[in-house]
Amino acid sequence: MSMTAIPTAIEAPPASIALRRNSFGRLVFIGADGIESENVIPVRAFPIGAPDYGISIVSSDGHELAWIERLEQVGAEVRALIEEELASREFMPEILRIVGVSTYATPSDWTVETSRGVTTFTLKGEEDIRRLPQSALLIADSHSIQFLVRDLKALDKHSRKILDRFL
């Protein structure tokens, strides 16, 4: 009976982590043993609370190949590749201001100013607004797009008043 070896995460010094893009634009991880793993994915352990801490390099079949404690520990080229890949996969606009809502009952249409411009989305129910630590909120629209309110206290008075009606 033959068992397939499952790669284990390496505890290599972050400076020795090697990544490159293949001809298809996908990330390739080069292990300390020189073995290449194609189609790897960087995954944040704490995407909202500590986005630059705890980055895992995961193989296409879901096995962790490397762990990066702090993104600043890796070389500039590897860091750029990781940040580029994360940016292409993560889409979470930050709400900067709530312009208005169609009604205070749900479902309601919200017009918001975000870090990516002004947009309108539908809030299906109050349960789609989740409280996070440090007065942050995560709001899911009817298409499951997540909008982040990084700090409820930092919003303008009009925006806080609207949110108070839904919280």
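Any value given below was found using the heavy atoms of this structure, including those in side chains, with hydrogens, waters and symmetry copies removed. Values in this document were obtained by computation on a predicted structure and should not be read as measured data.
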Where [X] and [Y] come nearest, the two heavy atoms and their spacing:
X: Ser135; Y: Asp151; result: OG-OD1, 2.7 Å
X: Arg20; Y: Ile30; result: CG-CD1, 4.0 Å
X: Val118; Y: Thr111; result: CG1-CG2, 4.1 Å

Any chance you could measure [X], atom [atom1], to [Y], atom [atom2], to the nearest 0.5 Å?
X: Asp61; Y: Asn39; atom1: CG; atom2: CG; result: 10.5 Å
X: Ser144; Y: Lys124; atom1: OG; atom2: NZ; result: 5.5 Å
X: Leu137; Y: Asp128; atom1: CG; atom2: CG; result: 12.5 Å
X: Ile41; Y: Arg26; atom1: CD1; atom2: CZ; result: 9.5 Å
X: Ile82; Y: Ile55; atom1: CD1; atom2: CD1; result: 7.0 Å

Does a side-chain heavy-atom distance below 4.5 Å link [X] with [Y]?
X: Gln146; Y: Ile139; result: no
X: Glu72; Y: Asp52; result: no
X: Thr106; Y: Phe166; result: yes
X: Arg131; Y: Leu167; result: yes
X: Ile145; Y: Phe121; result: no
X: Thr122; Y: His143; result: no
X: Ile57; Y: Leu27; result: no

- Task: Show your working on side-chain contact (heavy atoms from CB on, under 4.5 Å) between Met92 and Leu138 and close with a plain yes or no.
- Result: CA-CA 9 Å; Met92 188 180 306; Leu138 200 57; 3.7 Å; yes
